[in-house]
Amino acid sequence: MKATKVKRLAAAAMAAAMCISLAACGTTPGEPESKEEETSGNEDAADIERPEAVSEEDWEAMKKEPVFGTEINYLFNGGACVSAKYMAEVQGYYEEYGINATYLEGDSVVTTVGTGQCMWGTDHIATMLVPVTNGVDMTFVCGAHIGCKSIFVPADSEIKTVEDLKGKTIAIHDGLGNSDQNITYRLLDEYGIDPTTEVEYLDIADSAATVAAMDNGEVDASIFSDYFVLANYPEDMRMICSITYSPEFQDEPCCVTAMNNDFIEKNPVHAKYVVKAIKRAGEFNRLHSEEAVQAMFDTDKMTGEKENQMIFWDSLHFGLSDAFTEKALREIADDYIRLGIIEDKDMTTDKVMELAWTPVCPDEEIEGLTVGDPVETEGAGAPVKQNENPVVSDTFGLAK
């Protein structure tokens with residue numbers, strides 16, 4: 001395992017400010033100021049030996065791209081859900097393709113990838129899709145995993161089914177109109193509840209405060225990360241519906257990897273190999289989950305009880321096919337437009353897909369790749385292979 005160098009986004013912000021300054025002087029960020037600089041940079045990079053895993057044709061193309069031979073930053077703040085892009089670094093997959101990728105800790109994917117401080121990052125579709133349709137300069141390049149959030153009620157609550165949530169108050173944690181509410185909208189809508197009129201929402205920033213609000217009756221239910229409840233309140237809360245465990249949501253990803261549009265346009269071959277590395281890492285996460293989780297603990301990117309982390313990790317089905325992700329994105333876009341989550345009246349599903357979906361490295365280009373689609377997807381470019389011995393809980397999940 002190679003050492004990982006950590007830097008902070010303060011330096012990236014300074015670099016971004018310098019790029020803005022250069023742009024004001026007539027130089028496009030990411031491009032040399034002159035042909036002399038371009039020649040000099042390429043001469044220095046020409047000494048880099050071609051990796052065996054990169055074809056001669058692709059290597060020659062990569063050598064002509066602006067980022068060749070430079071350190072490329074991506075966003076990673078720790079945690080299971082967004083781990084595949086980091087695991088690609090830990091396992092040396094980027095390095096196999098001659099890519100010097102190093103993570104930064106910082107703000108959201110929308111902020112960092114959308115502004116070019118980082119070139120790629122992973123987050124909820126529910127967090128990123130609306131900003132992409134509003135012009136944030138990034139697109140989705142591959143699916144990450146399913147699930148990770150559910151609606152819970154106190155264990156002794158009289159609420160037994162999703163339908164019982166009608167007329168109730170549900171807590172969310174990242175503001176009205178953001179990911180928690182967007183996920184809740186689609187969960188409720190799936191079961192025939194109008195999420196725009198038949199429930200109330202209360203935004204509570206702190207999860208512990210939300211638990212207190214549930215205890216005192218201020219809210220009736222809450223959306224939480226599955227891991228939060230599993231690790232802290234497994235006996236005190238009951239799952240009502242879930243994008244992880246509900247059968248109706250087994251056919252879609254929760255999270256995707258987004259990449260900066262300018263990076264893709266100027267460095268298409270680098271972008272292809274970055275995604276290739278991430279897809280391989282998603283497969284590693286799924287098929288070698290214990291080793292992957294241990295690597296997260298060993299590099300201080302994960303805390304808590306390993307058993308709980310394993311249960312959560314193995315529920316995610318890391319590494320999804322492009323066909324699975326694309327089909328789901330279309331359905332999610334349809335729902336977002338119909339429910340008014342996407343407010344642009346001129347936006348269509350096709351327009352959303354044009355902005356949001358750019359599969360720069362099709363599955364079939366990765367020899368031997370397998371995917372974790374929980375349900376069969378027509379047109380998938382790689383076979384499904386699941387972890388043969390996933391860690392599961394007999395008590396956590398939807399009531400049988």
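Side-chain contact, T115 with Q117: a donor N or O sits under 3.5 Å from an acceptor N or O. For the residue pair D58/Y97, the side-chain donor-acceptor check at 3.5 Å is not satisfied. A donor-acceptor contact under 3.5 angstrom links the side chains of D373 and S321, judged on distance only. A donor and an acceptor atom, one from each side chain of T111 and S108, are located under 3.5 Å apart. Side chains of D226 and S150: a donor-acceptor N/O pair is present below 3.5 angstrom, by distance only. Residues D107 and T112 have side chains that never bring a donor and an acceptor to within less than 3.5 angstrom of each other.
Cluster membership for L316 and F297, using ILVMFWY side-chain heavy atoms within less than 4.5 angstrom, is shared. Grouping the Ile, Leu, Val, Met, Phe, Trp and Tyr side chains by contacts below 4.5 angstrom, directly or via other members, places L339 with I223. Hydrophobic clustering (side-chain heavy atoms under 4.5 Å, transitive across Ile, Leu, Val, Met, Phe, Trp, Tyr) keeps I125 apart from V371. Linking Ile, Leu, Val, Met, Phe, Trp and Tyr residues whenever their side-chain heavy atoms come within less than 4.5 Å places V275 and V54 in a single cluster. A continuous path of Ile, Leu, Val, Met, Phe, Trp and Tyr side chains, each step under 4.5 Å between heavy atoms, connects M347 with F140, placing both in one hydrophobic cluster.
Within the 4.5 Å cutoff, side-chain heavy atoms of C148 are placed close to those of H124. At least one side-chain heavy atom of D164 sits less than 4.5 Å from a side-chain heavy atom of T161. Using a 4.5 Å heavy-atom threshold, the side chains of E290 and M310 count as touching. Counting heavy atoms from C-beta outward, M237 and M214 have side chains that approach closer than 4.5 Å. Looking only at side-chain heavy atoms (C-beta outward), V352 and I342 come within less than 4.5 Å of each other. Counting heavy atoms from C-beta outward, I99 and E95 have side chains that stay 4.5 Å or more apart. Between I151 and L165, the closest side-chain pair of non-hydrogen atoms falls below 4.5 Å. Contact check for C361 versus I366: side-chain heavy atoms found under the 4.5 Å cut-off.
Checking side-chain atoms of T139 against main-chain N and O of A356 turns up a donor-acceptor pair under 3.5 Å. Using modelled atom types, one side-chain atom of D174 and one backbone atom of S179 make a donor-acceptor pair closer than 3.5 Å. With hydrogens and angles disregarded, no donor-acceptor distance shorter than 3.5 Å links the side chain of S289 to the backbone of N285. No side-chain donor-acceptor contact under 3.5 Å links T377 to the backbone of A380. Counting only distance, with no hydrogens or angles, the side chain of T358 and the backbone of V360 share no donor-acceptor pair below 3.5 Å. Distance alone, capped at 3.5 Å, places no donor-acceptor pair between the S246 side chain and the I243 backbone. With hydrogens and angles disregarded, no donor-acceptor distance shorter than 3.5 Å links the side chain of D314 to the backbone of P390. Between the side chain of Q181 and the backbone N or O of G177, at least one donor-acceptor pair lies under 3.5 Å. Q250 places a side-chain N or O within donor-acceptor distance of the main-chain N or O of T244, the cut-off being under 3.5 Å. Using modelled atom types, one side-chain atom of E65 and one backbone atom of V269 make a donor-acceptor pair closer than 3.5 Å.
Between the OG1 atom in T122 and the CG atom in N77 there is a gap of 11.0 Å [rounded to 0.5 Å]. Between atom SG of residue C255 and atom CE of residue M128 there is a gap of 7.0 Å, rounded to the nearest 0.5 Å. Atom CD of residue E265 and atom CG of residue N260 lie 10.0 Å apart, to the nearest 0.5 angstrom. For the atom pair F284 CZ and Y93 OH, the distance stands at 5.5 Å (nearest 0.5 Å). With rounding to the nearest 0.5 Å, the separation of CG in L230 from OG1 in T395 is 8.0 Å. Atom CG of residue D220 and atom CD1 of residue I159 lie 5.0 Å apart, to the nearest 0.5 angstrom.
Here ring pair (Phe, Tyr, Trp, His ring centres under 6.0 Å) pairs that include residues 196-225, with residues two or more places apart or in two chains, are H173-F224, Y185-Y201, F224-F228. The salt bridge (charged side-chain N to carboxylate O under 4.0 Å, His left out) contacts involving residues 236-252 comprise R186-E252, where partners must be two or more places apart or lie in separate chains.
Atom CD of E364 has more than 12 neighbouring heavy atoms from other residues, nucleotides or ligands inside a 6.0 Å radius. For E198, the CD atom sits in a packed shell: over 12 heavy atoms of surrounding residues, nucleotides or ligands are nearer than 6.0 Å. Annotation for E343: atom CD does not count as buried by contact number, only 12 or fewer foreign heavy atoms lying within 6.0 Å. Shown here is E365, whose CD atom has more than 12 heavy atoms of other residues, nucleotides or ligands within 6.0 Å.
Residues T210 and V219 come closest through the heavy atom pair O-CG2, 4.3 Å. Across all non-hydrogen atoms, the minimal contact from S222 to I170 is CA-CG2, 4.2 Å. The two residues V113 and A258 make their nearest non-hydrogen contact at CG1-O, 4.1 Å. Listed here is the closest heavy atom pair of Y227 and G304: OH-CA, 3.7 Å.
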Verdict with reasoning, D189 to R338, per side-chain contact (heavy atoms from CB on, under 4.5 Å): CA-CA 11 Å; D189 180 66; R338 176 174 55 83; 2.6 Å; yes
side-chain contact (heavy atoms from CB on, under 4.5 Å) between M259 and M138, worked out: CA-CA 5 Å; M259 187 171 281; M138 65 185 190; over 6 Å; no
Pair M302-W313, side-chain contact (heavy atoms from CB on, under 4.5 Å): steps then yes or no: CA-CA 11 Å; M302 185 170 279; W313 188 281; 3.7 Å; yes
Criterion side-chain hydrogen bond (donor to acceptor under 3.5 Å, both in side chains) on K301 and Y103, from CA distance to verdict: CA-CA 12 Å; K301 300 300 179 293; Y103 75 91; 3.0 Å; yes
side-chain contact (heavy atoms from CB on, under 4.5 Å) assessment of T169 paired with E218: CA-CA 8 Å; T169 299; E218 187 178 0; over 6 Å; no
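Taking the six-membered ring for Trp, F68 and W59 have ring centres closer than 6.0 Å. A distance below 6.0 Å separates the ring centres of W120 and Y74.
Applying the 4.5 Å side-chain rule to ILVMFWY residues, one finds I146, F324, V375 in the same cluster as L320.
Each of Q386, E283, K385 was compared with T370 under the side chain to side chain donor-acceptor pair (under 3.5 Å) criterion, and only E283 meets it.
Between R50 and E60 there is no salt bridge, since none of the side-chain N atoms of the basic residue sits less than 4.0 Å from a carboxylate O of the acidic one. Salt-bridge check for D344 with K351: failed, with every basic side-chain N at 4.0 Å or more from each acidic carboxylate O. D262 has a carboxylate O that lies under 4.0 Å from a charged side-chain N of K266, or vice versa, which qualifies the two as a salt bridge. Using a 4.0 Å cut-off between a side-chain N of Lys or Arg and a carboxylate O of Asp or Glu, K166 and D194 do not qualify as a salt bridge.
Remark: R286 is not positioned above the aromatic ring of F318, lacking an NZ or CZ atom under 6.0 angstrom from the ring centre and at most 45 degrees off the axis.
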